[in-house]
Amino acid sequence: MRCRNILISLFVFFLVSAPCFAITEREEFDAWLQKTHGQTSAFVEWKQLKPGITGYCITVLKGVELSVNELEYVAVAPHPLTDIEKVLLFKIGKPLANVSGVAGMSGSPVYVKHMGEWKLVGAYAYGFNQLAPDGEYLAGITPIKAMLDQNTALGGGISDARAKQIMVPGLGMFLAKPLIAFTKMAIGGSMNTMLMDIERDPRPGDAVSVLLASGDAMSYATGTITYVDLTKKTFYAFGHPFLSDLGIGKIELPAHRAEIATTVKSRVDAYKLPARLLEHFGTIEKDGIFAIQGSIGPRSNILLPISFQFVVDGRAISYQFSVIRQKVLTPNIVMAGMRTLVDNVYSPESLTIGTMKSVIIFDDNTLLPFNDVRFSEPKSSLSRLDKEPESLLSDFATKISLVLGSEWNFNIREIQTILSFTSHAKRLFLDSGAVVNAEGLPITSVKRGETFYVILGLRTFDNSARYTIRIPYAVPNDVYVSGVTLLRMVIQSGNNYENQSFAFPKYAPDSVNEFLDLVKSFFVGAKDPTELYIQTVFPPDAKEETDQHIRYEGENGVWVSPPSLGNLRNKAGNPSRVVQCVIDGPSPEYFLDVNATIRLIIKK
């Protein structure tokens, strides 16, 4: 009887205590995650989910270790970019409860237990501007099957409603976008010093940084890997498009694992803060509407090298960085990278003359040069515009866009740029001017065969230097005169030069060389800003013979310069004749800022 009582007592003890040894669903998931690292080919569709089911989202919140966040399935909603696919709505639980969509969590995989097996639902991709009816924040999940086969999910293409923002009733949906950073590294530094050797293959939940630029100027976007297929050596991330609202399709971008410094939790603006890039493990090959996808394994030479030298009053600083190759994005990233580096040393208080000399080098060693000059007004001027770097870089980006956006697929090997700034004391601008006859009296008309003089007064803003230029000009005896006939003289410094006889040969060039010639003639701007370019436009039917000699005077003496004459005819059919000549400025150390047009009536 005593033994029986003991057995009964033990039986009762184990019966009552049994629940203490049962593991929770969260503990079961943690054990599965530790064993599999989230790798699974088992998927569940939204039609198989019931409201109230618990999901688990894995992501890196700090360092490189995974954190698990609990979710609760609520409902399905229309996709914000297409009416073909759906977005799954989950209420956000601990530890990110009461936190809005976290930038950098894009792509974080979400799992649920379905039919006794842990299965992948999709990627955390969207947040919402408003709360759920019970006051909790919602997360939008992109289905994994849409990510894996984006073309099939879209029915072979994007629907007519692709640009329509389909909103969940009562909720404003927004992308939980990857966090994009643009930083300047130490001068002469290299991104390679920041990287570690490859340690392992990528895994679901890993933080992934996609490079847009590397080197002295770095730009990268950090999100999360959703799914890895080690058999096919492919991976998927973000759960939404990256570089445009609908994705830009085929592309090559280096992908790195990343370490997260911390995650800023906020009801308004939550985000991950990357600490550094780790190993280069793969290459993004497609930016689609439901995900970015890539292949495992690094590639070399997929970025475009940029050599950038910044010269401040003769002191040069050299930078090296590389950017992605993409027709639309490359020009803007080049400009942003250069601006990031320039902002570190540029002082608009003292530097007001900017010159840019750039050359695009193609794989076949063809060179396409670009030269430009910009002036800003001194501080005391009411029209002050301290934006020489911005305007120079913006124009340069426009020129790169013209080349990359053409129908010819140019293979650019390298871009070299020198951006120089000097004090406004080296600028001579047009202060006064007059047109006089041989007796020195002002005139508004001339006769055929008559010689007149153009007087230009140049000075620096602080009056530290003044020069007077005297330009004689003889009107040809055979100028065609009928009624009121005008002679137009355009006087410009090299930076302001516009060819008065220029005409587009074609709006649609037939060959690469024809296109490059067109670009050069329109954009090169290779005129010297220390010289004056004089173009005289004669009326129609004038002969094209002329013989001029330019003489001009300065305060420090008189000097003579032989002109460079060019007899050009307008190819667009305008029979006007343009005669060009060039005169040196007072000194090669001065930049001229002259743009004047003189009109005189020609009498018989």
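The model shown is predicted, which means the values in this text are computed figures rather than measured ones.
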If you define the side chain from C-beta out and look only at heavy atoms, does anything of [X] sit under 4.5 Å from [Y]?
X	Y	result
K94	N69	no
F238	V210	yes
I58	L33	yes
Y126	V87	yes
P369	K357	no
T330	S401	no
W32	T40	yes
I400	V334	yes

Restricting to non-hydrogen atoms, name the atom on P109 and the atom on T226 that form the minimum distance, rounded to 0.1 Å.
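Closest approach of P109 to T226: CB-O, 3.5 Å.
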What's the shortest heavy-atom distance between R413 and P305, and which atoms?
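Where R413 meets P305 most closely, the heavy atoms are O-CD, 3.3 Å.
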Is a salt bridge present between [X] and [Y], judged by a nitrogen-to-oxygen distance below 4.0 Å?
X	Y	value
D229	K233	no
D206	R200	yes
K250	E285	no

Check the pair K113, E28 against salt bridge (Lys or Arg N to Asp or Glu O under 4.0 Å), reporting the backbone distance first and the verdict last.
CA-CA 10 Å; K113 191 173 184 181; E28 182 182 340; 2.5 Å; yes
Kindly say whether [Y] contributes a backbone atom to a donor-acceptor pair with the side chain of [X] at under 3.5 angstrom?
X	Y	answer
E45	Q48	no
D287	L243	yes
T234	L230	no
H37	R203	no
E279	F281	no
H114	G116	no
T340	A336	yes
Q34	A31	no
Y124	V102	yes
T224	G104	yes

So T417 and Q309, side-chain hydrogen bond (donor to acceptor under 3.5 Å, both in side chains) or not? Walk me through it.
CA-CA 6 Å; T417 299; Q309 188 177 74; over 6 Å; no
Measure the spacing between [atom1] of [X] and [atom2] of [Y] and express it to the nearest 0.5 Å.
X	Y	atom1	atom2	value
L61	K265	CG	NZ	6.0 Å
T222	E259	OG1	CD	11.5 Å
T283	R299	OG1	CZ	4.5 Å

Take R325 and E252 through the salt bridge (Lys or Arg N to Asp or Glu O under 4.0 Å) test and state the conclusion after the steps.
CA-CA 8 Å; R325 299 174 184 267; E252 282 189 312; over 6 Å; no
Worked verdict on L278 versus V64 for side-chain contact (heavy atoms from CB on, under 4.5 Å):
CA-CA 10 Å; L278 302 179; V64 295; 3.8 Å; yes
Aromatic plane relationship, [Y] with [X] - under 30° parallel, 30 to 60° tilted, over 60° perpendicular:
X	Y	value
F29	Y111	tilted
F308	F310	tilted
Y236	Y227	tilted

Assess whether side-chain contact (heavy atoms from CB on, under 4.5 Å) is satisfied between F235 and I296, documenting all intermediate values.
CA-CA 7 Å; F235 65 94; I296 299 174; 4.0 Å; yes
Can you check side-chain contact (heavy atoms from CB on, under 4.5 Å) on I360 and L367, steps first, answer last?
CA-CA 6 Å; I360 295 177; L367 304 180; over 6 Å; no
Report the C-alpha separation of R26 and D30 in whole Å, then their side-chain angles, then the decisive distance to 0.1 Å, and conclude whether the salt bridge (Lys or Arg N to Asp or Glu O under 4.0 Å) test is met.
CA-CA 6 Å; R26 167 60 189 275; D30 288 344; 3.0 Å; yes
Let me see the working for E70 and T54 under side-chain hydrogen bond (donor to acceptor under 3.5 Å, both in side chains), right down to the final yes or no.
CA-CA 7 Å; E70 295 182 5; T54 300; over 6 Å; no
Please evaluate residues T262 and K272 with respect to the criterion side-chain hydrogen bond (donor to acceptor under 3.5 Å, both in side chains), reporting the C-alpha separation (whole Å), side-chain torsions for both, the decisive distance (0.1 Å), and the verdict.
CA-CA 6 Å; T262 189; K272 294 182 181 182; over 6 Å; no
I'd like to know if the side chain of E414 pairs up with that of S307 as donor and acceptor (distance under 3.5 Å, no hydrogens or angles considered).
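Distance-only check passes for E414 and S307.
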Test log, rule side-chain hydrogen bond (donor to acceptor under 3.5 Å, both in side chains), inputs S214 and S322:
CA-CA 5 Å; S214 68; S322 300; 4.7 Å; no
Go through it in stages, so that I can follow the logic: the residues are V121 and L88, the test is side-chain contact (heavy atoms from CB on, under 4.5 Å), and I'd like the CA-CA distance, side-chain angles, deciding distance and then a yes or no.
CA-CA 9 Å; V121 178; L88 312 182; 3.3 Å; yes
